[in-house]
There are 2 protein chains.
Amino acid sequence: MSTPELHQAIAASEWFRELPAELVGQLAALAQQRHLADGALLFAKGDAADGLYGLLSGRVRISATTRDGRDLLVNLFEPGDWFGEISMFDGLPRTHDARAVGASELLLIPRARFHALLAAQPVLYPHFMRMLCRKLRRSFAWIEYIAFLPMSARLAARLLELAQDYGETQADGSVLIALHLPQEELGRMLSVSRQTVSKELNALEARGWIRLDYGRVLIRQPEALEALVRGAA
Amino acid sequence: MSTPELHQAIAASEWFRELPAELVGQLAALAQQRHLADGALLFAKGDAADGLYGLLSGRVRISATTRDGRDLLVNLFEPGDWFGEISMFDGLPRTHDARAVGASELLLIPRARFHALLAAQPVLYPHFMRMLCRKLRRSFAWIEYIAFLPMSARLAARLLELAQDYGETQADGSVLIALHLPQEELGRMLSVSRQTVSKELNALEARGWIRLDYGRVLIRQPEALEALVRGAA
DNA sequence: CCGACTCTGTCAACTTGCCGACATTCTTCC
DNA sequence: GGAAGAATGTCGGCAAGTTGACAGAGTCGG
């Protein structure tokens, strides 16, 4: 990918939209390109930080795993997202595993260069602080959901979040979650069994709020799901 | 409190230990002092951010609350801790409620002044980024505990954390958690009922790993608790 | 030292969600 | 079009934790 194309890709990302063109240019100049095959491991929990990653195409799955094979799906990044900043800023090991879902293209801004740029351009700091704050708020919300909401409301909340990130509005106004999303995967997001997800999704479908399809979900009445979340809170 | 005393108080805090004296002085110059009576509300979730807080004496309890009165005890700060930085950096409302436990003295660094100082001294940024990263890692660990560990291991993990923060080593080598800590409060930390906490604590005591006292806990064998956490992970 | 209050232990009935098993249905790839 | 594999629906037994109730024990202030 040529430098102007890189510049374009970075400037288009939600995270760097407000950044002046000059700084985008400087970031682009630091970036290396990287390719990952489907399922390839980008980094694992405990690894030393190599740099900051930006996703150009494909998907990256962030998860926590136990020795006995259970795993928790923490995040699913799509093109335009940036991640891996935590280890960059505190110098400690990676907090999670990162794995490609489908063949993926990434940008890597290596650690040392990134810190040099930050030192030269402290204007960048508030920017990345907002990035950290956003993840913190997301974590807090998640913790509260687990603490306060019953499983059904948590599922509804998760569906709405997915619709926010991956939703495609259909002709009839309903929102299709444009993801290959088996119920087992949904279960891994909520740390709940496949069977429980299945039962609950069917209950939601019976009420006409969603429609189930093989490996995907269509949300017909987002307001009803929101009410379910709020009502339980 | 006089300015040199403030300077001293800030420099002594775990968070600002590495900060050069000059910057500590500049922070101290911005600080206002504030007193809170036992149980007084410092700020509530949803409030606009007034500033960054440092605790001089007493305790501050950070929690999330539902309309129907359940609450989740997220954090318990002690003298030397600083908090309230998230809303400062992203400009969004407070994420939690903060309430004094016992009469408390606080420092407030007002928002506008703080940002002026940051702009003048960007060296401060990496410092606060580490602060955010630390809270993020804590959140992640918590989420994983909830997802992966059974209640007993989560309780053990929480006790060890409390021992870390509030522990006083006794003559016989065991560690007393120097907090008024009713089992109900422990339950609110883990979002688990008082009865369950009671049963589990008694099981731990039966194994000789802890000793229960009225409103407090003594940890006799930290290693055993650690093994319990690790074994379940 | 006594009464009020807080904290703890315990029980039974109930709810939620897990797990294993098995049958069905849908998709994909030859 | 026909496997093979992936995803889903469903059931019953089981484990963990909740809720409400009540009794007993510890602490504190007058």
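Just so it is clear, the values below take in all heavy atoms, side chains as well, and ignore hydrogens, waters and symmetry mates. Every chain is numbered from 1 and lettered A, B, ... according to where its sequence line falls, protein lines coming before strand lines. What you are looking at is a predicted structure, and each value in this text was computed from that prediction instead of being measured.
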Identified side-chain contact (heavy atoms from CB on, under 4.5 Å) counterpart of A/Tyr53 within the set A/Leu107, A/Asp81, A/Ile109, A/Leu42:
A/Leu42
Given A/Leu106, A/Leu52, A/Asn75, the one that forms side-chain contact (heavy atoms from CB on, under 4.5 Å) with A/Phe83
A/Leu106
Sugar-phosphate, base or nothing in reach of B/Ser193, heavy atoms under 4.0 Å:
base
Would you mind writing out the side-chain donor-acceptor pairs for residues 201-219 of chain A within the sub-3.5 Å range, not counting sequence neighbours?
from: A/Asn202; atom 1: ND2; to: A/Ser198; atom 2: O; distance (Å): 2.9
from: A/Glu205; atom 1: OE2; to: A/Leu212; atom 2: N; distance (Å): 3.0
from: A/Trp209; atom 1: NE1; to: A/Arg207; atom 2: O; distance (Å): 3.4

Note: B/Gly58 and B/Ser104 closest approach over all heavy atoms is CA-OG, 3.5 Å
Pairing donors with acceptors under 3.5 angstrom, does anything connect the side chains of A/Arg158 and A/Tyr145?
no
Hey, do the aromatic rings of B/Trp82 and B/Phe77 have their centres closer than 6.0 Å?
no
Parallel under 30°, tilted from 30 to 60°, perpendicular over 60°: which one fits the rings of B/Phe140 and A/His96?
perpendicular
Just grab all the salt bridge (Lys or Arg N to Asp or Glu O under 4.0 Å) pairs involving residues 93-103 of chain A, residues at least two apart or on different chains.
A/Asp50-A/Arg94
The answer to which of B/Glu184 and A/Met151 contacts DNA chain C further toward the 5' end, by nearest nucleotide, is B/Glu184
Shoot me the first and last contacting nucleotide of DNA chain D against chain B, ordered 5' to 3', at under 4.0 angstrom to non-hydrogen atoms.
D/dG17 to D/dT27
Which residue pairs satisfy the salt bridge (Lys or Arg N to Asp or Glu O under 4.0 Å) criterion with at least one member in residues 165-181 of chain B, sequence neighbours excluded?
B/Asp172-B/Arg220
The first and last nucleotides of DNA chain C lying within contact of chain A, meaning any atom under 4.0 Å from one of its heavy atoms, run from C/dG17 to C/dT27
Ranking B/Asp213 and A/Tyr214 by the position along DNA chain C of their nearest nucleotide, the one closer to 5' is B/Asp213
At 10 degrees resolution, what angle do the end axes of the helix from C/dC1-D/dG30 to C/dC30-D/dG1 form when each is taken over five base pairs?
50°
